Enquirer: 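Take this structure, written in structure tokens, and hold onto it; I'll ask about it next.
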There are 2 protein chains.
Amino acid sequence: MVESRFLTPEQARHIRDQFGTPVYVYDERTLVGNARAALAFPNAFGLTVRYAMKASPNAAILKLFRGLGLHIDASSGFEVQRAMRAGFEGCEISLSSQEWFDDFEELYHKGVKFNACSLNQLRRYGQMFPGKSVGVRFNPGHGSGGTGKTNVGGPGSSFGIWHEWLPEVQEIVREHQLIVERIHTHIGSGSDPAVWQKVADLSLGLVRQFPTVTTLNLGGGYKIGRMPYEKTTDLQEIGQPVREAFVRLADETGRQIHLEIEPGTWLVGNGCCILSTARDVVSTGNSGHQFIKSDTGMTEILRPSLYAAQHPITVFPESPETTTSDYVVVGHCCESGDLLTPSPEDAEALAPRTLATTRPGDLLVIDGAGAYCSGMSAKNYNSFPEAAEVLLQPDGSPRLIRRRQTLDQILQNEV
Amino acid sequence: MVESRFLTPEQARHIRDQFGTPVYVYDERTLVGNARAALAFPNAFGLTVRYAMKASPNAAILKLFRGLGLHIDASSGFEVQRAMRAGFEGCEISLSSQEWFDDFEELYHKGVKFNACSLNQLRRYGQMFPGKSVGVRFNPGHGSGGTGKTNVGGPGSSFGIWHEWLPEVQEIVREHQLIVERIHTHIGSGSDPAVWQKVADLSLGLVRQFPTVTTLNLGGGYKIGRMPYEKTTDLQEIGQPVREAFVRLADETGRQIHLEIEPGTWLVGNGCCILSTARDVVSTGNSGHQFIKSDTGMTEILRPSLYAAQHPITVFPESPETTTSDYVVVGHCCESGDLLTPSPEDAEALAPRTLATTRPGDLLVIDGAGAYCSGMSAKNYNSFPEAAEVLLQPDGSPRLIRRRQTLDQILQNEV
């Protein structure tokens, strides 16, 4: 029988009784361990680890990471404000956003670092802050996916400034006397060290074009294994060729470039589960399936519906149970696509799982739910309130870090 | 040039100036027209139209529909409470939910109608309310999609009680002396009248098994055309064979069955657009694409990312523009899948659209955004606040029906 990643049945029942379900349960020990491992990323001339806070932006998690020395990668001006409210200094935050933030000037004066992600953004920044330092995010023309598909690098990606516009970038920089101090090239490169070597070389090639650059930010995209058959990126392994590339540049040019990385999923993905209750078990007969209807679903975990993501599911039966059965696990929304066990190839195809024989009232633990779950869900669909969040402290006791939403709050802006 | 469905450039600019973007704009005239057309659904012995409020649950829309005589199809106890707060009587609301609502007893005493959607739900209802009236939702073993895929009928669907469990249903009914007064068979049947005839016959077959039944609810699933090449279900056309089937049953048995339907998308889908601003226009060169970066995306409209849904997009250029260009339109989230122009076959493949030449600051109108957009979005992803909602009144003036969320509100439950 598969066990849940960090939660015991006793802890699970205690949390259920105290906070209800569905509830996100973060594991402080896992988060701390991952943060320390990220801070040990191989580097030649210094390292800054920025938490990609869009993965899970609760203030308790932000504070925990700040205490360990992590900085912030923000994807919107709102995220910057949120990080500052959680205690981060402006200078600890780097903003790389698809759209210009209208109140950016205020953030700038608080020290927030800006990565221009388009020629227009760079121009606007130059007009507002001539002569100042800036970062530039490039799309180096090489992504982790195929052409024509969405990914974060290559001609099919809108993220960053296309590498062919280097002369335009240099022209804007000259015009506004900007100092390019950072290059950013997040292209989501998986777990293959050979790919990372290529990425580092490509990115350092851009660094060579800007003598003022002192920092290279390689972004995030470090994959993790949620399911037993999936592999977690070994940061030591992929970091070595990156470190070596930095050393080669230094040997050749004397430039000692500071490294930044921006993990999100890698830090929090396996550091959280959703604790849910099996509200019903139904069957569509011999030619059909057995279904577990949980009290969570796309309202808390959209990834299976959105991209057929696989999450481990463990049943904690209320009474001792040694038999198993095959189940399709569905969410509580009145939506055919609200499916927690899709086929890995097709979010709409049912892929039954072998689980402990389940009865209504049994607890379900959905693991690997730390990244892009609480932060990216179909919140309030079917008018379900936002779930509570709990942090399991090192002594095993749960601490509430977000209260369950009320219906009044869902309606509070209706006029 | 394609025009937006109901919004003029002047109205769009006025709304932008008054409420900002992104903003949902509902068109009262369209909503009223659709409600009246639904109320004219062919029927032999009476009709109740229930608005499937999960499609878009704003109180202003609920009140508007109540004034026109619509009742409510609720998918959760929270939706029931929300509808009652908007003015609906309990007896005007029917609850069909994947999970039992813990506070259901209170709703029952307010007159809310309950459709048992599983044997366990029916048993629990029988234990709590022996001798009382109840509805039963069946899965008649025939859906609108293929086997093994998610849909709302057939062995691959967890919705409703599988038709083979009819003896078990009758046993529970006998044991608790329940009176089955409604049969419900939502199987999402599209726009083909021949399919609807089959659905009606299959459903009336279930009605024959319960002499106490007085109402048959055929659910929703009436498709609409958002794009010019998509067809909107003609309710008069699909309703005729349904009406005839009801007449045949009456001729044969003397039973005059009341009809209920539960449209959601059909009522609101084309009655709303998202008004957005093009924040940037970028290019990945000759072998790449031109991208429009909008200030909306999966935070307001998840359907393109979730199931490659196609929505019309119209540009309202700030300065007169007669040329066009091909664009990929992306959302504002730092997420490669935040794509507003996916290929209809693949949510991750880019499908450029020919649009008026667009400059940053131009307005974008995303039509067909009334159903499962505001109600089902990746709200607060990247910490973007929930967008405002506006109702365009018959005189053309906009009325705010939901204020834009603040960052304080996003954080209000953090501890």
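Chain letters run A, B, ... following the sequence lines, proteins first and then strands; every chain starts at 1. Everything quoted here is computed from the prediction, not taken from an experiment.
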Enquirer: Below 4.5 Å, heavy-atom pairs only: which of B:Gly288, B:Ser374, B:Gly285, B:Ala74 has the largest tally toward chain A?
Expert: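 Highest number of heavy-atom pairs under 4.5 Å: B:Gly285.
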Enquirer: For A:Asp408, which atoms come within 4.5 Å of any heavy atom of chain B: side chain, backbone, both, or neither?
Expert: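 When you check distances to chain B, atoms from both the backbone and side chain of A:Asp408 fall under 4.5 Å.
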Enquirer: Please rank A:Pro385, A:Ala351, A:Ser383, A:Cys117 by heavy-atom pairs under 4.5 Å with chain B and give me the top one.
Expert: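 Heavy-atom pair counts peak at A:Ser383.
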Enquirer: So what's closer than 4.5 Å to chain B heavy atoms on A:Ala59: side chain, backbone, both or neither?
Expert: both
Enquirer: With a 4.5 angstrom heavy-atom cut-off, could you sort out which part of B:Lys379 is near chain A: side chain, backbone, both or neither?
Expert: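 Interface part for B:Lys379: both.
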Enquirer: Taking side chain as everything from C-beta outward and backbone as N, CA, C, O, which of these in B:Leu400 sits under 4.5 Å from a heavy atom of chain A? Side chain, backbone, both or neither.
Expert: both
Enquirer: Between A:Ser305 and chain B, which part of the residue has a heavy atom less than 4.5 Å away: side chain, backbone, both or neither?
Expert: both
Enquirer: With a 4.5 angstrom heavy-atom cut-off, is it the side chain or the backbone of A:Leu411 that approaches chain B, or both, or neither?
Expert: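 Contact with chain B involves the side chain of A:Leu411 alone.
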Enquirer: Given that the side chain runs from C-beta out, which part of A:Ser283 has a heavy atom under 4.5 Å from chain B: side chain, backbone, both or neither?
Expert: both
Enquirer: Under the criterion side-chain contact (heavy atoms from CB on, under 4.5 Å), I'd like the reasoning laid out for B:Ser157 against A:Phe291: C-alpha separation, chi angles, the key distance, then a yes or no.
Expert: CA-CA 9 Å; B:Ser157 168; A:Phe291 294 89; 5.8 Å; no
Enquirer: Using non-hydrogen atoms and a 4.5 Å limit, figure out which bit of B:Gln412 sits close to chain A: side chain, backbone, both or neither.
Expert: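 Both parts, heavy atoms under 4.5 Å.
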Enquirer: Quick one: what part of A:Val281 sits under 4.5 Å from any heavy atom of chain B, side chain, backbone, both or neither?
Expert: backbone
Enquirer: Below 4.5 Å from any heavy atom of chain A, which atoms of B:Glu164 appear? Answer side chain, backbone, both or neither.
Expert: side chain
Enquirer: Name the region of A:Arg279, side chain, backbone, both or neither, that has any atom closer than 4.5 Å to a heavy atom of chain B.
Expert: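 Only the side chain of A:Arg279 comes within 4.5 Å of chain B.
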